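Here is the naming used below: chain letters follow the sequence lines, and residue numbers restart at 1 for every chain. As the structure is a computational prediction, the values presented were derived from the model and not from experiment.
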Amino acid sequence: MLFRTTEKHEEFRAKIREFAEAEIKPIAFMLDQNNEFPDEAVKKLGQMGIMGLPFPKEYGGAGEDILTYAIAVEELARVDGGAGVILSAHVSLGAYPLFAFGTEEQKQKYLVPLAKGEKIGAFGLTEPNAGSDAGGTETTAVLNGDHYILNGGKIFITNAPKADTYIVFAVTTPGIGTRGISAFIVEKGWEGFEYGDHYDKMGIRSSTTAELIFNDVKVPKENLLGKEGEGFKIAMSTLDGGRIGIAAQALGIAQGAFERAVEYAKEREQFGMPIAFQQINSFKIADMATKIRCARFLVYSSAELKEQHEPYGMESAMAKQYASDICLEVVNDALQIHGGNGFLKGMEVERAYRDAKITTIYEGTNEIQRVVIASHILGKAPKQEGSKLKPKGPITGNRKKVMIDGDTAQAKVDKLVEALKNDGFDFTVGIDIDTPIALADRVVSAGKGIGDKKNMKLIEELAVQAGAAVGSSRPVAETLKYVPLDRYVGMSGQKFNGNLYIACGISGAGQHLKGIKGATTIVAINKNKNAPIFKNADYGIVGDLMEILPLLANALDNGEPKKPAPPMQKMRKATPKKEAPPWKLHVCQGCGYEYDPAVGDPEGGVSPGTLFEALPEEWICPDCGESKDEFIES
Amino acid sequence: MYNVRKVTDDLYWIGANDHRLALFENIHPIPRGVSYNAYLLLDEKTVLFDTIDWSAGRQFLENIEAVLDGRALDYLVVNHVEPDHAASIQEVLIRYPKIKVISNEKAFMLMRQFGFGVDGHEDEVKEGDTRSFGKHEVTFVSAPMVHWPEAMVTYDLTNGVLFSADAFGSFGALDGKLFSDEVDFDRDWIDDARRYYTNIVGKYGPHVQALLKKAQTVDIKIVCPLHGPVWKAKDLGYLVDKYDKWSRYEPEENGVMIVYASMYGNMESAAQLLATKLAEKGVDKLAVYDVSNTHVSHLIAESFKYSHIVLASVTYNLGIYPLMHNYLMDMKALNMQKRTVAIMEGGSWAPKAGQLMEEFLDGMKQMTVLNEKVTVLSTLNESSEMEMDQMVEAIVESLRDA
């Protein structure tokens, strides 16, 4: 055999390269500078059939092989890393799960327009607490009649908010880890589906990346992709293929940087000759070429394996890991060869240098790729003792989580003040609003929900009446600059260890919550009832800050200036009631044995995390041998 | 001499009382004795419902003979095979060799295992089957794991009598009385009834709930259990309510039970001070027990009764005081759950009981351990009293929120 692409592949490469050089390369710097998505170019790619390259013609695709698709990603990334990932995320992550796991109706409705390039696809798996470990997924989907109600959020989603169709992963059975995750097809524009921050990234800036927010989004039952509980399997299988795309992207970025370095090294003369021929540079170029050739073989070979329906999970992990690792080395050397010129904005190699870094991180970090590769060789690691399921609690520890309701805003505020006074808070005393956060007994903190800067007045007035200092979330200090940087609370900022924390318009990012773990009492006020802050608070009010804050300040106003507070004394923190786990227990009618999904039945080969319903029909009681249907719900 | 009572038309109580047995199941003290109930129906056919413990066999056989008054015994319905009710089966079969034994498959399997000699007498029934004895037609309802797997109850469709096996039973001898309205149950019997239920059936709450659901669908006029008083419909609501709470592990009283383990009286005095402080704060549903001289069956019953438990234990061999540990293990075995617990530990060089008790409680269901804990170093001092005051606050607050 000859390790070479076919003539047809190379003809295709020439075509896509011509397109990339003509349509993307000239605007790549501008896209990078403006954080701008190449709408026109993507539309044209669709018309050329590139957006559906590896899918059969009957589903609107081009019917080409996986290798052709990999070449397309490579060639786009060669001129612009961002353009490469637009295609990769669209094909491998957005469209492929529909092709592999969709029903005929789902394929017709969603895959066809994606493959034709009329619509753009994306994939929503990552969450603040579910990165490499999807078992931490917190987005939920609850079946309600003929709809699932989707709540939660996703971060770092490539192609959002441009994409029209999203494959979203959510927990349908809580508490049992990855087996409780299901996949859903979600359309842009559905009520309650919004986008959060568009990220300001280091590289691949022409690709758009945003946060997805789901508030009671109604997802029709028929948009469940695969079966309930198959989400993790679908995600992993999708990522197996997605790795080929990212590997091709890394390969393309490296190839582009390499070509620029060779060109530059041949032109640039020092000591009387092109620097390319200085041995140190010629060796560098030799090494770069060798690494790129190795990477290319890995990438193309795993594409071929996939095309031939051979196992390719390990090989695609090797390709992704190796291609992205050497991509970083190649862009580094390429930039070094450019000397000071390479350090300037506008140089392609400078952009490639920044674009490269993400390839070792996303779609499975390279650390995870090594886990994948090793598991193919070594099998599963032996079970560790104590790997029992445990329901995960909120970041701020166990809280009361009392949602205060009432007919009017005034009624809610009155109830809150009564509860706080019952807990022992004395609002006739107070501290200066400029007290350092670390020393403050109470803090009133503003999040982005505060809106316009003039609204900070409301925060200050509330702080005075609550006898508290003023704090904020990170964006309010860092991006909006409403308060000095030393006043933001969070893991990277100030830690609050006092007694009362009133979070106003703070959604509750993990890093913020970690900064208020030590608070005795946390009050949350937010207009979004699904904001994570509420699960981390003792008292919560859903409402508009503009309405609630003045009412609260007024309710805490005792008509005279606050007396200086005595030295801070840490108050007692209420013990929350221990709750039942989210899963159901079943008991045997033959002996009283209790089946607990958290424990499973190790002797019967049933691993922890298996729900009773999921036990095989032939499973019998490990203590008395009664059959499964002799169990009743506990 | 026979000693029987008429339950209702055609039906007689023919059981016996036992004041000699010290320990029921050889574990639970029964200072008020216990009754073994069996019932005899005189219809066109004669039907015996269960037998009794062999220790009162002679009284039982005399009672049968007297009520039969010369008639043959046609049927024996066995609802429950535990020997305190089934041990006399073999003697009945010997005396009445033509008798048919009506019971379920599992019960027959157990009767054979015990060697009661039922072969050839079997009339096997399943849930929902009926048998007619003339005027009276009965149906059978299985009650698995209340508290044995073969347990069933028999319902007389004609007069609404439910033969409830061990369900709705109690410790305590009847001593001449029979009906729920002949005793002051809430004053004289409830503690023993609770101690019986919680220690014997406590673990099987979900199964009892299943039986209660089935019972709701029929019109019950009289309940004939295998121990304790016969229940008339008008009194039954009281007991069903208790059973419902116990089997859902919901407390009867929003109050505090303090259990202490003390070697030299230091922890005892701390526990007493805690009780005083609680009482001063208005906590009147309050009970204090020394784990060393209170039988664990009482502790279990009280744990089912109260919403809050204070565990006050000294450290012993770097562990929990053995009798306290035994009480904890018994609670866990009986599926005790949904309580709020405060922990007080003692020790002189390495107090560990608190941490160990908390870990133990973590292995139980929905046992909330209050943040506020007290460590008594040898004996209570000013600083541990401050901890105790915090604990009192927390308990009072938790009682208020419950």
**Request:** Decide if atom NZ of Lys281(B) counts as having more than 12 heavy atoms of other residues, nucleotides or ligands within a radius under 6.0 Å.
**Result:** no
**Message:** Please classify the contact between Glu579(A) and chain B as side chain, backbone, both or neither, with a heavy-atom cut-off of under 4.5 Å.
**Reply:** backbone
**Request:** Identify which of Lys338(B), Glu393(B), His147(B), Gln337(B) forms the greatest number of heavy-atom pairs closer than 4.5 Å to chain A.
**Result:** Glu393(B)
**Prompt:** Does atom CD of Glu105(B) have more than 12 heavy-atom neighbours, drawn from other residues, nucleotides or ligands, at distances under 6.0 Å?
**Reply:** no
**Request:** Answer yes or no: does atom NZ of Lys106(B) have more than 12 heavy-atom neighbours from other residues, nucleotides or ligands under 6.0 Å?
**Result:** yes
**Request:** Would you check, one step at a time, whether the test side chain to side chain contact (heavy atoms under 4.5 Å, CB included) holds for Lys578(A) with Asp362(B)?
**Result:** CA-CA 10 Å; Lys578(A) 203 160 160 197; Asp362(B) 194 45; 3.0 Å; yes
**Asked** Do any of residues 401-417 of chain A come closer than 4.5 Å to chain B, heavy atom to heavy atom, and if so which ones, in number order?
**Response** none
**Toward chain B: residues of residues 620-634 of chain A with heavy atoms under 4.5 Å** = Glu626(A), Ile632(A), Glu633(A), Ser634(A)
**Request:** Apply the test side chain to side chain contact (heavy atoms under 4.5 Å, CB included) to residues Asn422(A) and Glu397(B): give CA-CA distance (whole Å), side-chain angles for both, the deciding distance (0.1 Å), then the verdict.
**Result:** CA-CA 10 Å; Asn422(A) 265 338; Glu397(B) 184 178 299; over 6 Å; no
**Asked** For the residue pair Gln589(A) and His207(B), what are the closest heavy atoms and their distance?
**Response** CA-CE1, 3.9 Å
**Message:** Please classify the contact between Ala394(B) and chain A as side chain, backbone, both or neither, with a heavy-atom cut-off of under 4.5 Å.
**Reply:** both
**Prompt:** For atom NZ of Lys277(B), is the number of surrounding heavy atoms from other residues, nucleotides or ligands below 6.0 Å larger than 12?
**Reply:** yes
**Prompt:** Which ring-ring contact (aromatic ring centres under 6.0 Å, His included) pairs, counting each pair once, include a residue from residues 404-429 of chain A, with sequence neighbours left out?
**Reply:** none
**Asked** Is there any residue in residues 364-371 of chain B with a non-hydrogen atom under 4.5 Å from a non-hydrogen atom of chain A, and which ones are they?
**Response** Met364(B), Lys365(B), Gln366(B), Met367(B), Thr368(B), Val369(B), Leu370(B), Asn371(B)
**Message:** Quick check on Glu124(B): does its CD atom have over 12 non-hydrogen neighbours (other residues, nucleotides or ligands) under 6.0 Å away?
**Reply:** yes
